[in-house]
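First up is the structure itself, then whatever we jot down about it.
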Amino acid sequence: MRLVDLLVEQRKRAGLSQAQLAERLGRYQSVVSSMESGGRRVDVVELLDIAEVIGLDVHALIDDLFATPQSTSSAPQSRKS
């Protein structure tokens, strides 16, 4: 998932381990690991908290997500009547 990839990339650029990010968020490292592995979704409030800790501009993140083409396998399929 592109969002997760961008969050991991920015966390690493910020020089933070999963454990350090988790500590700053007041979470367990396993929660961050689960988010980054795709086993747990990131909600909007968590996204804002993570962005603040890792120095990520959420507006730029959203622009980047919209600029990234979706693969056909993840695009919703239309229903035929």
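Keep in mind that what you see is a predicted model, and the values were worked out from it rather than measured.
A side-chain contact (heavy atoms from CB on, under 4.5 Å) with M35 is found for exactly one of V8, V4, V42, namely V42.
With sequence neighbours excluded, the residues satisfying side chain to side chain donor-acceptor pair (under 3.5 Å) with E9 are R13. Shown here are the side chain to side chain donor-acceptor pair (under 3.5 Å) partners of S17, two or more places apart in sequence or in another chain: Q20. Partners of L3 under the side chain to side chain contact (heavy atoms under 4.5 Å, CB included) rule, at least two apart in sequence or in another chain, are M1, L7, L47, L61, L65. Contacts of S33 classified as side chain to side chain contact (heavy atoms under 4.5 Å, CB included), with partners at least two apart in sequence or in another chain: Q18, Q29. With sequence neighbours excluded, no residue satisfies salt bridge (charged side-chain N to carboxylate O under 4.0 Å, His left out) with E52. Shown here are the side chain to side chain contact (heavy atoms under 4.5 Å, CB included) partners of V44, two or more places apart in sequence or in another chain: L48.
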L25/V31 under side chain to side chain contact (heavy atoms under 4.5 Å, CB included): CA gap, chis, key distance, verdict: CA-CA 10 Å; L25 294 171; V31 172; over 6 Å; no

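Counting all heavy atoms, side chain and backbone alike, V58 lies closest to A51 at CG2-CB, 3.4 Å.
Residues in residues 22-38 take part in these salt bridge (Lys or Arg N to Asp or Glu O under 4.0 Å) pairs, two or more places apart or across chains: R11-E36, R27-E46. Counting only residues at least two apart or on different chains, the salt bridge (Lys or Arg N to Asp or Glu O under 4.0 Å) pairs with a member in residues 55-67 are R2-D64.
Y28 and I50 end up in the same hydrophobic cluster when Ile, Leu, Val, Met, Phe, Trp and Tyr side chains are linked at under 4.5 Å.
The side-chain heavy atoms of L6 and L56, taken from C-beta on, include no pair separated by under 4.5 Å.
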